[in-house]
Amino acid sequence: MELEQIKDEALKSIDKMITTKAKADAINFLRGTVLAAVKDFADGLAQALKNSSTGKTGWCYLRDAYLFPGLLKIVCWGLGKVLDAVAAATEKEMAAEAAVDATAQASEQEGNDAPAAQPEQA
């Protein structure tokens, strides 16, 4: 198979791959793995900025000691809050889909297990 054929086949079946569960897994990966790594990097960068501020005075000291480290913490906090909100919405969506699926399965079973209608006897 050529690369174009593989790409075309993947594009044809992409709707089957994008499910609510896949979205939830992606959000959990971003929250658990990526955000944790970003926070670790931001903490190291903030500490390096604070260390570099020791020989500075005035605005440069404030920039390196407080402004940039504070901005890094705020960005990480905000990103975490956004991911938490998206994860909560995704969980609600999954619960709603599960309820619809359960209702559909119950109605299918009721239709299959129902006794045949009997004509009235006079």
Side-chain angles (χ1 to χ4, degrees):
M1 277 187 134
E2 290 183 25
L3 186 58
E4 284 295 319
Q5 290 174 331
I6 294 171
K7 180 189 79 166
D8 291 341
E9 291 298 319
L11 288 174
K12 287 179 187 175
S13 63
I14 201 158
D15 290 339
K16 296 174 187 170
M17 292 185 275
I18 298 178
T19 63
T20 305
K21 171 122 176 54
K23 294 173 192 176
D25 291 343
I27 293 298
N28 288 333
F29 172 75
L30 289 172
R31 286 171 68 196
T33 305
V34 175
L35 185 59
V38 168
K39 283 182 178 180
D40 287 344
F41 177 75
D43 288 344
L45 184 58
Q47 189 59 47
L49 284 164
K50 286 180 182 181
N51 292 344
S52 73
S53 70
T54 56
K56 297 178 181 169
T57 59
W59 290 111
C60 293
Y61 172 78
L62 291 174
R63 175 197 64 202
D64 292 350
Y66 300 105
L67 179 66
F68 288 154
L71 286 175
L72 289 169
K73 287 187 184 289
I74 290 169
V75 167
C76 288
W77 174 82
L79 185 57
K81 289 297 181 184
V82 167
L83 289 174
D84 289 344
V86 171
T90 303
E91 288 173 11
K92 286 181 185 177
E93 183 181 14
M94 285 179 62
E97 285 180 4
V100 168
D101 289 344
T103 304
Q105 286 178 353
S107 66
E108 281 180 11
Q109 288 177 355
E110 286 176 9
N112 293 339
D113 294 341
Q118 299 293 323
E120 289 185 313
Q121 295 179 358

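Just so you know, these numbers come straight off a predicted model, no measurement behind them.
- Residue L3 holds its CG atom at 9.5 Å from CG of D8, rounded to the nearest 0.5 Å.
- Residues satisfying the salt bridge (charged side-chain N to carboxylate O under 4.0 Å, His left out) test with K92, not counting sequence neighbours, are none.
- Clustering ILVMFWY residues whenever any of their side-chain heavy atoms sit less than 4.5 angstrom apart, transitively, puts L67 in a cluster other than the one holding Y61.
- To the nearest 0.5 angstrom, E91 atom CD is 12.0 Å from T20 atom OG1.
- Considering all non-hydrogen atoms of both residues, I27 and T90 come closest at CG1-OG1, 4.5 Å.
- Closest approach of V38 to C76, counting heavy atoms only: CG1-SG, 4.1 Å.
- In this structure, L62 CG and T57 OG1 are separated by 9.5 Å, a value rounded to the nearest 0.5 Å.
- No path of Ile, Leu, Val, Met, Phe, Trp and Tyr side chains, each step under 4.5 Å between heavy atoms, connects V75 with L45, placing them in separate hydrophobic clusters.
- Under the salt bridge (charged side-chain N to carboxylate O under 4.0 Å, His left out) criterion, K7 pairs with E4, not counting sequence neighbours.
- Under the rule for a salt bridge (charged side-chain N to carboxylate O under 4.0 Å, His left out), the partners of K56 that lie at least two apart in sequence or sit in another chain are D64.
- Taking the side chain to side chain donor-acceptor pair (under 3.5 Å) definition, one finds that Q47 meets it with N51, sequence neighbours left out.
- Note that CZ of F68 is 12.0 Å distant from OG of S53, once rounded to the nearest 0.5 Å.
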Could you give me the CA-CA distance, side-chain angles and deciding distance for C60 and R63, then say whether side chain to side chain contact (heavy atoms under 4.5 Å, CB included) is met?
-> CA-CA 5 Å; C60 293; R63 175 197 64 202; 4.0 Å; yes

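- By the rule that hydrophobic residues join a cluster once side-chain heavy atoms approach within less than 4.5 Å of another member, W59 and Y66 end up as members of one cluster.
- Contacts of R31 classified as salt bridge (charged side-chain N to carboxylate O under 4.0 Å, His left out), with partners at least two apart in sequence or in another chain: D84.
- For the salt bridge (charged side-chain N to carboxylate O under 4.0 Å, His left out) condition, the pairs that include at least one residue of residues 17-29, sequence neighbours left out, are K21-D25.
- Both V34 and L83 belong to a single network of hydrophobic side chains, linked directly or stepwise wherever heavy atoms of I, L, V, M, F, W or Y lie under 4.5 Å apart.
- When every heavy atom of A42 is checked against every heavy atom of L72, the shortest pair comes out as O-CD1, 3.8 Å.
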